[in-house]
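The structure under discussion appears below in the form of structure tokens.
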Amino acid sequence: MSTEPRALIVTPTYNERANLEAFVSEVRAAAPHADILIVDDASPDGTGELADAIAENDAQVRVMHRAGKLGLGSAYVKAFRWGLGRDYRYFFEMDADLSHQPKYLNAFFRELREGADVVVGSRNVPGGAVEGWGMGRQVLSKGGSLYSRLVLGVPVRDMTTGFKAFRREVLEKIDLETVHSNGYSFQIEMTYRALRRGFRVVEVPIVFVDRTLGHSKMNGRIFVEAVGVVWKLRGEALLGKL
């Protein structure tokens with residue numbers, strides 16, 4: 001029996017059938033004590049059906065089906081609410097395309113054990129990097145993080161990373177009902193809300209490896225949305241609403 005606090009690793013999926021089995025296998029090997037919750041947005045490629053088949057053979061894999069492509073942020077919020085209704089203590093965000101390498105999970109657990117409230121897998125600290133991206137995506141990612149840091153006045157160097165872990169208490173205090181970002185900006189908002197409430201955010205270096213199968217969901221529209229949300233968050237903080 002593991003002595004680790006109960007952990008829930010959440011991965012939203014949309015057309016990730018080609019990656020899902022490898023993702024689950026690698027996560028289960030890296031963190032055998034953790035449960036996995038797959039949140040599928042009615043993927044037309046059969047990701048949801050494959051997730052159900054995996055879950056039938058592994059009691060530590062759960063599946064949540066949604067009616068359509070409803071967005072990353074709302075997928076995480078719904079999954080976190082589900083987990084908060086149970087006795088999970090640690091909550092993780094990971095992409096199913098293996099760009100977030102499960103080998104880093106041990107570093108996340110170590111930081112949580114040592115007192116971190118939020119752990120972010122950072123591409124922008126020493127030891128962190130991105131492999132396989134062109135210049136355009138590099139600029140979008142690094143520029144988005146730098147812009148967010150400057151506008152919000154925070155020290156975290158990778159504000160847009162989607163590889164994260166939260167203690168239960170953070171999600172309880174953040175008030176998920178009021179989180180209004182749903183795309184790229186969701187990651188910025190969650191980290192900022194945690195910092196505003198005085199939680200300790202620790203960055204661990206990761207090498208982000210671009211997907212080899214399937215298609216990225218990142219686009220310019222998502223970035224533009226993030227720019228607007230950053231100013232909205234700053235305004236709410238100045239007004240004492242955040």
Side-chain angles (χ1 to χ4, degrees), residues 5 7-12 27 30-31 34 72-73 75-77 79-80 83 88-131 133 137-138 140-174 176 179 181 183-210 218 222-223 226 229-230 233 242:
L8 182 66
I9 296 172
V10 179
T11 185
V27 170
L72 181 77
Y76 276 125
V77 167
F80 289 159
Y88 293 102
R89 308 305 305 177
Y90 297 160
F91 294 76
F92 288 73
E93 298 181 11
M94 289 185 75
D95 291 346
D97 61 10
L98 295 173
S99 56
H100 297 155
Q101 299 177 76
K103 68 180 182 181
Y104 294 114
L105 286 170
N106 283 335
F108 279 68
F109 280 107
R110 182 182 66 247
E111 294 294 345
L112 289 168
R113 285 194 300 269
E114 293 178 358
D117 298 307
V118 181
V119 183
V120 301
S122 180
R123 300 157 293 185
N124 300 334
V125 296
V130 173
E131 294 180 356
W133 276 6
R137 288 191 67 191
Q138 290 270 17
L140 275 179
S141 177
K142 290 187 180 295
S145 277
L146 178 60
Y147 180 83
S148 302
R149 289 177 63 203
L150 293 175
V151 172
L152 300 175
V154 297
V156 176
R157 296 187 62 180
D158 197 337
M159 289 291 288
T160 61
T161 181
F163 194 176
K164 289 183 177 173
F166 301 89
R167 286 184 180 277
R168 179 188 185 90
E169 294 79 6
V170 178
L171 298 181
E172 291 173 335
K173 289 289 180 62
I174 277 179
L176 293 171
V179 174
S181 303
Y184 182 75
S185 54
F186 174 78
Q187 306 301 352
I188 300 169
E189 179 170 355
M190 290 293 285
T191 299
Y192 186 55
R193 284 176 176 267
L195 290 166
R196 289 285 301 173
R197 283 158 180 76
F199 287 111
R200 180 171 171 246
V201 178
V202 173
E203 293 185 84
V204 297
I206 64 165
V207 176
F208 180 101
V209 180
D210 195 22
M218 173 60 65
I222 292 172
F223 180 76
V229 167
V230 166
L233 292 171
L242 201 61

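Residue numbers count from 1 along this sequence. This one's a predicted model, so the numbers in the text were calculated from it and none came from an experiment. Scope of the values below: all heavy atoms of this structure, side chains included, with no hydrogens, waters or symmetry mates.
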Shortest non-hydrogen contact between [X] and [Y], atoms and distance:
X	Y	answer
Gly128	Pro205	N-CB, 3.6 Å
Ser148	Gly144	OG-O, 2.7 Å
Tyr88	Gly83	CD1-O, 3.6 Å
Asp158	Glu203	N-OE1, 3.0 Å
Pro102	Val27	CG-CG2, 3.8 Å

Under the salt bridge (Lys or Arg N to Asp or Glu O under 4.0 Å) test, residues paired with Asp95 that sit two or more places apart
none

Under the salt bridge (Lys or Arg N to Asp or Glu O under 4.0 Å) test, which residues partner Arg157, sequence neighbours left out?
none

Check step by step if side chain to side chain contact (heavy atoms under 4.5 Å, CB included) holds for Leu152 and Val230.
CA-CA 7 Å; Leu152 300 175; Val230 166; 4.1 Å; yes

Side-chain heavy atoms of [X] within contact of [Y], under 4.5 Å:
X	Y	result
Ile174	Val179	yes
Arg167	Tyr90	yes
Phe166	Met190	yes
Glu93	Pro12	no
His100	Phe208	yes
Val120	Val202	no

Regarding Arg123 and Ser145, do their side chains bring together a donor and an acceptor under 3.5 Å, going by distance alone?
no

Residue pair Ser99 / Asp97, side-chain donor-acceptor N/O under 3.5 Å
yes

Aromatic plane relationship, Tyr76 with Phe80 - under 30° parallel, 30 to 60° tilted, over 60° perpendicular
parallel

Let me check something: any side-chain donor-acceptor pairs from residues 105-115 under 3.5 Å, sequence neighbours excluded? List them with distances.
residue, atom, partner, partner atom, Å
Arg113, NH1, Glu4, OE2, 2.6

Pairs flagged by salt bridge (charged side-chain N to carboxylate O under 4.0 Å, His left out) wherever residues 145-154 is involved - sequence neighbours left out:
none

Would you confirm whether Thr161, through its side chain, and Gly121, through its main-chain N or O, come within 3.5 Å as a donor-acceptor pair?
yes

Check step by step if side chain to side chain contact (heavy atoms under 4.5 Å, CB included) holds for Phe186 and Val77.
CA-CA 10 Å; Phe186 174 78; Val77 167; 3.9 Å; yes

Under the criterion side chain to side chain contact (heavy atoms under 4.5 Å, CB included), I'd like the reasoning laid out for Val10 against Phe92: C-alpha separation, chi angles, the key distance, then a yes or no.
CA-CA 6 Å; Val10 179; Phe92 288 73; over 6 Å; no

Exactly one of Leu146, Ile188, Asn124 should register a side chain to side chain contact (heavy atoms under 4.5 Å, CB included) with Thr160. Which one does?
Ile188

Does the side chain to side chain contact (heavy atoms under 4.5 Å, CB included) test come out yes or no for Leu8 and Arg89, once each step is laid out?
CA-CA 8 Å; Leu8 182 66; Arg89 308 305 305 177; over 6 Å; no

Sequence-distant partners of Gln101, side-chain contact (heavy atoms from CB on, under 4.5 Å), two or more places apart
Lys103, Tyr104, Val207, Val209

For a quick test of your reading: what N or O donor-acceptor pairs under 3.5 Å do the side chains of residues 191-198 make, sequence neighbours left out?
residue, atom, partner, partner atom, Å
Thr191, OG1, Lys164, NZ, 2.7
Thr191, OG1, Gln187, O, 3.3
Arg193, NE, Glu189, OE2, 2.8
Arg193, NH1, Thr178, OG1, 3.0
Arg193, NH2, Thr178, O, 2.9
Arg193, NH2, Glu189, OE2, 3.0
Arg196, NH2, Ala237, O, 3.4
Arg197, NE, Lys173, O, 2.8
Arg197, NH1, Arg193, O, 3.3

